[in-house]
Amino acid sequence: LFFTPALLHVSGAVVNLVALTCLVAVVMGVPTATIWVPIVSHVRVPRSLDQRLVAARNWLDAHGHQITVGVCLVFGVYLLVRAALMR
């Protein structure tokens, strides 16, 4: 969400090359962490991660419908309240 504004601030920063490289690494690394952290984790400790992922998948299989209903309910209430306040 804040990727583009962060890059604008980094591009306008007056810092040395090392600091600029660190800033770009942080700005690029944080938003993409949801991609590279699981991949690196799987490469580093595959058995431990596999056990955790199987447990998470089983839990999501058992509770997925409740989560979906809860999210839809919260979002529906939000939309109703927002519509009521716009009148």
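Here the structure is a predicted model, which means the values were calculated and not measured. Start at 1 with the first residue, then count along the sequence.
In terms of heavy-atom proximity, Ala33 sits nearest to Pro38 at O-CD, 3.7 Å.
In the hydrophobic clustering (ILVMFWY side chains linked at under 4.5 Å, chained through shared members), Ile39 is joined by Ile35. Residue Trp36 belongs to a hydrophobic cluster whose other members are Val37, Val40, with links defined by side-chain heavy atoms closer than 4.5 Å. Counting side-chain heavy-atom gaps under 4.5 Å among Ile, Leu, Val, Met, Phe, Trp and Tyr, the cluster of Leu79 also holds Phe75, Tyr78.
Shown are Leu53, Val54, Leu60; of these, the side chain to side chain contact (heavy atoms under 4.5 Å, CB included) with Arg57 is made only by Val54.
Linking Ile, Leu, Val, Met, Phe, Trp and Tyr whenever their side-chain heavy atoms come within less than 4.5 Å leaves Val26 and Leu7 in two separate clusters. Note: the hydrophobic cluster containing Val27 also contains Val15 (ILVMFWY, side chain heavy atoms under 4.5 Å, direct or indirect links).
The main-chain N or O of Leu8 is found under 3.5 Å from a side-chain atom of Ser11 such that the two form a donor-acceptor pair.
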Identify each donor-acceptor pair in which a side-chain atom of residues 64-72 lies under 3.5 Å from a protein atom, sequence neighbours left out, and give them as a table.
unit_1	atom_1	unit_2	atom_2	d
Thr68	OG1	Gly64	O	2.9

Run the side-chain donor-acceptor check on residues 17-24: report pairs under 3.5 Å with partners two or more places apart or on a different chain.
unit_1	atom_1	unit_2	atom_2	d
Thr21	OG1	Leu17	O	2.7

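For the ring pair (Phe, Tyr, Trp, His ring centres under 6.0 Å) condition, the pairs that include at least one residue of residues 41-62, sequence neighbours left out, are Trp59-His63.
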